[in-house]
Amino acid sequence: MKHLTVLFAATAAALVAPDQASKLDEHQPAVSPDLVQTWWDSTVSRSAKIFTKIEKRIEKATSGFDGYSFDGFDGFNRDSNLPPLPLHERKPHRGDKTKTIYELIKSNKYTTKFASLLDNDDFSDIKDLLDSTSHNKTLFVPTDKAFERIPHHGDKPPPKEFVLALLKYHIAPGLHTKVDLYHKHTLPSNLSLDSLGSRPQRLRISTGLLFSIRVNVVSKVVYGNILAKNGIIHAIDHILIPPPSQQKIISLLPNTFSTFSLGLEKTELSVPDHKGGTLFAPTNSAWRRLGPRANAFLFSHHGLKYLEALLKYHFVVDQTLYSDAFYNSRKDEKAAVEDAEGGKYWHVDLETLLDDKAIAVDVKRWKGWVSIVLNGFTKVIFQDGIASDGVVQVVGKVLIPPHGHHGHAGEDDDKDIEVEELKARLERYVDRDEAGDL
C-alpha cells in the first residue's frame, strides 16, 4: 500500500495575495492553534482544487501507487527498488559558502518576495536567524512563482503572528541535504505550538519518481542543495502553511473519511483537551470491510453507543506517534524519542480514549524504510498526516478492541463481522442503560 504523502500537514498553499504580504494587522493576538484554524476555515472554499488533488493521491495510494512516494515492500513505506540519488545530487555543489542563507536569498532574483518579508521590521528575528552563523539550519524557500499560486484572500491582510508562524515553518534546525531528505519521513521545524505541548511542528517529507522530493504533499523541491555559510537552502514551488487540527483534516477530505466524520457527528464524540495526540483514521473502504449489517447497526439509534466506543478506540491523546519521532506528554519521552529516531525495532502501547484500552504499536525500521503495525496485524497505510494537534495515521481497517488480554486481533476479524460478535467485543465499554433496548 502507498505511503500517502502528507495529505494533511499543511497541504494547501493558501496565504495572502503577494501585494498584501507586508500589510500586517497590529491588533491580532499571538499565534495560536486557533489562529491557524481560523485561517484554514476561511481558506477552504478557495483551495478546493488542492483538496481534490490530495484526495486523488490518497485514492492512488490505497490502490498501491501514487507516483509521489513509494510503499509496498512488506508494509514498509519506501520501495525496495528505490534508486540512489544521481551522483551529482549526492553532495551539495551549489551556492556560496561565504554568504549566509539570508544573503543568498536576498541576492537571488527568484526569491525576492520571501526576502522582502524578512526585511519587514516585524520579522527581524527571522532575518537575524537566517543571517546568524552560530548554528546550521535548513531553509525551504518558496520561489516567487510559489506566491503566484496563493488563493486571493480578500482585502484583509493576515495578522503578523500568523505570517511569523509561517516563516518559522519554512526553517528546520540543522543541515539537511537532498540525500538526507531522501531518507527522512518528517523533520522538526522552528515552529512550536501549544497544541503540541510546545514541541516542534513537523514537516512531512516524501520521495517520488525521478528523485523528486516533496514537502507536505504539494511543495516540490525544484532546486536544492544550495550551500550557505550557515546551512543549506532548498527552493520549493508552494508555500508551506502550518496544518489544521486532526478533525479539520478529516472533514476536509470527505472522499476518504466521510464515514468516520459522520460517526463523529452522530455520536457527538468529545475529545478532551490535549497536548498532541495520534488519530488512527479508518478510510471509507475500511468501514465497508465491516459489512452492511455491522454498519447498519452502528449507525442506528441502538448502535450509537457502540459506535462511540469504537470511535474512542481510534483516539490517543497526549502521545504523538510519527513514523520517526514520538512526543509523549505523559512521561519522560527521551528514551522513546531515541528509539523512534534510531531504533531498528521498537514497541509502544498507546492508551486510547476507550477506558485507556491500549493499541499495541510495532515500528520496524530498515535503512530508510518504516513499517507501523497495530495490534499485530493492522498496517498504517498512510503515515504521518501532520496536524496542529498531533498526527493522523491512516489505516485500512477499523480498529476493534481485541478479545481477552493478549492484545492482538485476527488479521481479517473485521471483515463482514457479525453484529453479535461486534457487540460482544464492545459490550464491556458500553453503558447498557444508554444503549437502549437491545
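Every value quoted in this text rests on a predicted model; they were computed, and no experiment measured them. Below, all heavy atoms of this structure are taken into account, side chains as well, without hydrogens, waters or symmetry copies.
With sequence neighbours left out, the side-chain contact (heavy atoms from CB on, under 4.5 Å) criterion links D96 to T98, K99, L104. With sequence neighbours excluded, the residues forming a side-chain contact (heavy atoms from CB on, under 4.5 Å) with S258 are P254, N284, listed by chain and number. Every residue was checked against the salt bridge (Lys or Arg N to Asp or Glu O under 4.0 Å) condition with K229, not counting sequence neighbours, and none meets it. Remark: K312 pairs with E308 by the salt bridge (Lys or Arg N to Asp or Glu O under 4.0 Å) rule, at least two apart or across chains. Under the ring-ring contact (aromatic ring centres under 6.0 Å, His included) criterion, F140 pairs with H234, sequence neighbours left out. Take F114 and apply the ring-ring contact (aromatic ring centres under 6.0 Å, His included) test, not counting sequence neighbours, and it matches H170. For D318, there are no side-chain hydrogen bond (donor to acceptor under 3.5 Å, both in side chains) partners two or more places apart in sequence or in a different chain. Partners of D144 according to the side-chain contact (heavy atoms from CB on, under 4.5 Å) rule, which considers only residues two or more places apart in sequence or in another chain, are T112, K113. Taking the side-chain hydrogen bond (donor to acceptor under 3.5 Å, both in side chains) definition, one finds that S132 meets it with S134, sequence neighbours left out. For the salt bridge (Lys or Arg N to Asp or Glu O under 4.0 Å) test, residues two or more places apart in sequence or in another chain that qualify with K106 are D119. Every residue meeting the side-chain contact (heavy atoms from CB on, under 4.5 Å) condition with N190, not counting sequence neighbours, appears here in chain and number order: L129, K168, I171, P173.
Residue P142 comes nearest to T111 through the heavy atom pair O-CG2, 4.2 Å, listed as atom of the first residue, atom of the second, then distance. The minimum heavy-atom distance linking P244 with L252 is given by the pair CG-CD1, 4.4 Å. Here the closest heavy-atom approach between residue S388 and residue S195 is recorded as O-OG, 2.6 Å. Across all non-hydrogen atoms, the minimal contact from A309 to L354 is O-CD1, 3.5 Å. In terms of heavy atoms, V370 sits closest to S323 at CG1-O, 3.7 Å.
With hydrogens and angles ignored, the 3.5 Å screen pairs a side-chain donor or acceptor of T267 with a backbone N or O of G263. Although no hydrogens or angles enter the test, the distance criterion places a donor-acceptor pair under 3.5 Å between the side chain of N108 and the main chain of Y110. A donor-acceptor pair is defined here as one N or O able to donate and one able to accept, closer than 3.5 Å; such a pair exists between the side chain of N375 and the backbone of A360. Judged by distance alone, with hydrogens and angles left aside, the side-chain atoms of T278 form no donor-acceptor pair with the main-chain N or O of V316 at under 3.5 Å. Using a distance-only test at 3.5 Å, with no hydrogens or angles considered, a donor-acceptor pair links the side chain of N295 to the main chain of W287. Under a 3.5 Å cut-off, the side chain of S107 and the backbone N or O of E103 do form a donor-acceptor pair. Between the side chain of Q246 and the backbone N or O of V391 there is at least one donor-acceptor pair closer than 3.5 Å. Checked by atom type and distance alone, the side chain of T138 pairs as donor or acceptor with a backbone atom of G174 at under 3.5 Å. Here the side chain of K137 pairs a donor or acceptor atom with the backbone of H135 at under 3.5 angstrom.
Annotation for Y429: atom OH counts as buried by contact number, over 12 foreign heavy atoms lying within 6.0 Å. Within a 6.0 Å sphere centred on NZ of K220, other residues, nucleotides and ligands contribute 12 heavy atoms or fewer.
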Checklist entry - How far apart are the C-alpha atoms of T283 and F260, what are their side-chain angles, what is the distance that settles it, and do they pass the side-chain contact (heavy atoms from CB on, under 4.5 Å) test? => result CA-CA 7 Å; T283 62; F260 189 67; over 6 Å; no
Next on the checklist: I'd like to know whether D324 forms a side chain to side chain donor-acceptor pair (under 3.5 Å) with T186, so could you lay out the CA-CA distance, the side-chain angles of the two residues, the decisive distance to 0.1 Å, and finally the verdict.
Outcome noted: CA-CA 7 Å; D324 54 2; T186 69; 2.6 Å; yes
Next on the checklist: Walk me through whether R289 and D414 qualify under salt bridge (charged side-chain N to carboxylate O under 4.0 Å, His left out).
Outcome noted: CA-CA 7 Å; R289 278 178 58 95; D414 65 315; 2.8 Å; yes
Checklist entry - Given the rule in the side-chain contact (heavy atoms from CB on, under 4.5 Å) test, do E351 and K357 qualify, once you have shown the distances and angles that lead to the verdict? => result CA-CA 6 Å; E351 295 180 352; K357 180 70 175 178; over 6 Å; no
Checklist entry - After noting the C-alpha distance and the side-chain angles of Y169 and N216, does the key distance pass the side chain to side chain donor-acceptor pair (under 3.5 Å) rule? => result CA-CA 11 Å; Y169 197 47; N216 292 351; 3.2 Å; yes
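For the pair V361/D349, no side-chain contact is recorded, criterion being any heavy-atom separation below 4.5 Å from C-beta on. The shortest side-chain heavy-atom distance between L118 and I105 falls under the 4.5 Å cut-off. A 4.5 Å side-chain heavy-atom check between I126 and L164 finds at least one atom pair inside the cut-off. The side-chain heavy atoms of K379 and I372, taken from C-beta on, include no pair separated by under 4.5 Å. Proximity of V222 to I236: side-chain heavy atoms (C-beta onward) are nowhere separated by under 4.5 Å. S212 is not listed as a side-chain neighbour of V221, based on a closest heavy-atom distance of 4.5 Å or more. Counting heavy atoms from C-beta outward, L353 and P272 have side chains that approach closer than 4.5 Å. Counting only heavy atoms from C-beta outward, the side chains of P242 and Q201 never approach each other to under 4.5 Å.
Atom CG of residue L264 and atom CD of residue Q247 lie 5.5 Å apart, to the nearest 0.5 angstrom. Between the CG atom of L175 and the CG atom of N230 there is a distance of 9.5 Å, given to the nearest 0.5 Å. Between the CG atom of L279 and the CG atom of L321 there is a distance of 12.5 Å, given to the nearest 0.5 Å. Taken to the nearest 0.5 Å, the OG atom of S189 stands 11.5 Å off from the CG atom of L167. In this structure, L181 CG and L187 CG are separated by 6.0 Å, a value rounded to the nearest 0.5 Å. Separating the NE2 atom in H176 from the NZ atom in K184 is a distance of 6.0 Å, to the nearest 0.5 Å.
Of the N and O atoms on the side chains of D384 and H185, not one donor lies less than 3.5 Å from an acceptor on the other residue. With hydrogens and angles left out, the side-chain atoms of S245 and D389 include no donor and acceptor closer than 3.5 Å. One side chain, D180 or T177, offers a donor N or O that lies under 3.5 Å from an acceptor on the other. Looking at D131 and T100, their side chains do bring a donor and an acceptor atom within 3.5 Å of each other. Side-chain atoms of R202 and Y327 include a donor-acceptor pair closer than 3.5 Å. When only modelled atom types and interatomic distance are considered, S329 and R199 share a side-chain donor-acceptor pair under 3.5 Å.
Cation-pi geometry between R365 and Y345 is not satisfied (NZ or CZ under 6.0 Å from the ring centre, within 45° of the ring normal).
Annotation: salt bridge (Lys or Arg N to Asp or Glu O under 4.0 Å) contacts involving residues 263-286, sequence neighbours excluded, are absent.
In summary, the aromatic rings of F280 and Y313 are positioned with their centroids too far apart to meet the 6.0 Å limit.
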